[in-house]
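Lettering follows sequence order; numbering is per chain, from 1.
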2 protein chains.
Amino acid sequence: MDKLTDFFKVLSDETRLRILILLYHKKLCVCEMCGITGESQPKISKHLAKLRDMGFVKDERQEQFIFYDLNLKEEVYKAILEKIVDNINDYPELKSDIEKCKHAEKYLEACRR
Amino acid sequence: MDKLTDFFKVLSDETRLRILILLYHKKLCVCEMCGITGESQPKISKHLAKLRDMGFVKDERQEQFIFYDLNLKEEVYKAILEKIVDNINDYPELKSDIEKCKHAEKYLEACRR
DNA sequence: TACTTATATACTCATATAAGTATATACGTA
DNA sequence: TACGTATATACTTATATGAGTATATAAGTA
């Protein structure tokens, strides 16, 4: 049950919820997530580190960038994220994030500045 | 989205998760929940107060006892609890709570001591 | 090798949270 | 009215958490 409450603790932070909903849709690198969410790089990185340490996401380097992806082994976790996505119209900020992540590469370029 | 993260914060505490899963099955009074979970009365009461203040449960006096019941207006919340219950075999402590709550009256009597 | 860029981490501070113990409240009953 | 029982709340303490700023690291490139 600890893992389950840990998962809920993860979701109880707005930034982490946004990250997980984004990764539910697409593998993304740190600076894309910063661009999409408008949050600072250390903030995103720290939350990703926590998610990684807890085993909910995995990372992979591709050239200069480190891409993150969901790593949810148990169905319950996926099912819970799915429920949120099913009701995405109730959560405009999440919906907007998802829209933006369709053009994530845009934020990759913006990163080089 | 605040309400959603609040709900996850609620679920991130083991005691509150146990309470909600119990109430998902049956309306219960405070001392029954204490008996079932083995937790102290102030601990249960404080968590119930928080759940009540957040609007996730409602209370109702019946003679000497105050009974609590779920008060989840939005489907997502119910659906999330349902997902947990669907996978109850993964969570022995929750499963055991549910078993015990089938004979909740037993704990009502034990309360008079 | 020096430099740039992408990401991670350390440090600090403010705030939130949970638990335990003691006590208050509120209703029911003798 | 006095008492008992069920529940709520206050107070304290320990711990966890998140944000911001500054800095470190690690890989790529000139």
Undergrad: I need the CG-P distance between L28(B) and dT7(D), as an integer number of Å.
TA: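 Whole-Å distance recorded here is 11 Å.
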Undergrad: Only one of L23(B), I21(B), L22(B), L17(B) passes side chain to side chain contact (heavy atoms under 4.5 Å, CB included) with I19(B); say which it is.
TA: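 Of all the options given, the one that passes is L23(B).
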Undergrad: Identify whether any heavy atom of F67(B) sits under 4.0 Å from a base atom; if not, whether one sits that close to sugar-phosphate; answer base, sugar-phosphate or nothing.
TA: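 No contact at all - F67(B) keeps every heavy atom at 4.0 Å or more from the nucleic acid.
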Undergrad: dA2(D) pairs with which nucleotide, Watson-Crick or G-U wobble, both distances below 3.5 Å?
TA: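 Paired with dA2(D), as far as the under-3.5 Å criterion goes, is dT29(C).
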Undergrad: Does dA6(C) have OP1 or OP2 sitting under 4.0 Å from an N or O in the side chain of Y68(A)?
TA: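 No, outside the criterion.
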Undergrad: CD of Q64(B) versus C1' of dT7(D): gap in Å, rounded?
TA: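 About 12 Å, once rounded to whole Å.
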Undergrad: Determine which nucleotide pairs with dA30(D), using a 3.5 Å limit on both distances of a Watson-Crick or G-U wobble pair.
TA: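 The base-pairing partner of dA30(D), which may sit in any strand shown, is dT1(C).
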Undergrad: Do any N or O atoms from the side chain of R18(A) and from the backbone of T37(A) form a donor-acceptor pair under 3.5 angstrom?
TA: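 Judged by distance alone, yes, a pair lies under 3.5 Å.
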Undergrad: Atom CD of E60(B) and atom P of dA6(D): how far apart are they, to the nearest Å?
TA: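 Nearest whole value for this atom pair: 18 Å.
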Undergrad: What nucleotide, of dG18(D), dA8(D), dT9(C), holds the atom closest to the side chain of R16(A)?
TA: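 Between dG18(D), dA8(D), dT9(C), the one nearest the side chain of R16(A) would be dG18(D).
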Undergrad: Let me know, please, whether K50(A) or D59(B) comes out on the 5' side of the other along DNA chain D by nearest nucleotide.
TA: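 Residue closer to the 5' terminus by nearest nucleotide: D59(B).
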Undergrad: Just how far, in rounded Å, is P of dA8(D) from CD1 of I66(B)?
TA: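 After rounding, the reported distance stands at 5 Å.
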Undergrad: Looking at dT7(C), I'd like to know if its phosphate oxygens (OP1 or OP2) sit under 4.0 Å from a side-chain N or O belonging to R61(A).
TA: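 Indeed not, no polar side-chain atom of R61(A) lies that close.
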Undergrad: Mind checking whether L4(A) and D90(B) have side chains closer than 4.5 Å, heavy atoms only?
TA: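 No, their side chains stay 4.5 Å or more apart.
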Undergrad: Once you apply the 3.5 Å cut-off to both distances, tell me the Watson-Crick or G-U wobble partner of dA16(D), or none.
TA: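 Base partner found: dT15(C).
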Undergrad: Would you kindly give the CG-to-C1' distance between D13(A) and dT15(C), to the nearest whole Å?
TA: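 Going from CG in D13(A) over to C1' in dT15(C) covers 14 Å.
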Undergrad: Both K43(A) and S45(B) contact DNA chain D. Taking the nearest nucleotide for each, which residue is further toward the 5' end?
TA: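 Nearest nucleotide further toward 5': that of S45(B).
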Undergrad: With rounding to the nearest 0.5 angstrom, report the OH to SG distance, Y107(B) to C29(B).
TA: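 Reported to 0.5 Å precision, the distance equals 12.5 Å.
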Undergrad: Taking only side-chain N and O atoms of H47(B), does any of them lie within less than 4.0 angstrom of OP1 or OP2 on dT17(C)?
TA: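 It does not, given that no N or O in the side chain of H47(B) lies less than 4.0 Å from OP1 or OP2 of dT17(C).
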Undergrad: Can you check the D53(B) CG to dA18(C) P distance for me, whole Å?
TA: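 Computing the D53(B):CG to dA18(C):P distance gives 13 Å.
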Undergrad: Of the candidate nucleotides dA18(C), dT9(C), dT9(D), which contains the atom at the shortest distance from the side chain of R52(A)?
TA: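 Of dA18(C), dT9(C), dT9(D), dT9(C) is nearest to the side chain of R52(A).
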Undergrad: Given the structure, check if the side chain of Q41(B) and the base of dA8(D) hold any donor-acceptor pair shorter than 3.5 Å.
TA: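 Present.
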Undergrad: For a ring-ring contact (aromatic ring centres under 6.0 Å, His included) with Y77(A), tell me which candidate from F7(A), F8(A), Y24(A) qualifies.
TA: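 Filter result, single survivor: F7(A).
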Undergrad: Starting from P on dT29(C), measure out to CZ on F65(B) and report it in whole angstrom.
TA: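 Atom CZ in F65(B) sits about 10 Å away from atom P in dT29(C).
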Undergrad: Examine dT17(D): is either OP1 or OP2 under 4.0 Å from a nitrogen or oxygen in the side chain of K46(A)? Give yes or no.
TA: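 No, no such contact exists.
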Undergrad: Please state how far atom CD in Q62(A) lies from atom C1' in dA26(D), giving the value in whole angstrom units.
TA: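 The distance from CD of Q62(A) to C1' of dA26(D) comes to 17 Å, rounded to the nearest Å.
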Undergrad: My understanding is that only one of K58(A), R16(A), K46(A) makes a side chain to side chain contact (heavy atoms under 4.5 Å, CB included) with L51(A); could you say which?
TA: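 Option passing the side chain to side chain contact (heavy atoms under 4.5 Å, CB included) with L51(A): R16(A).
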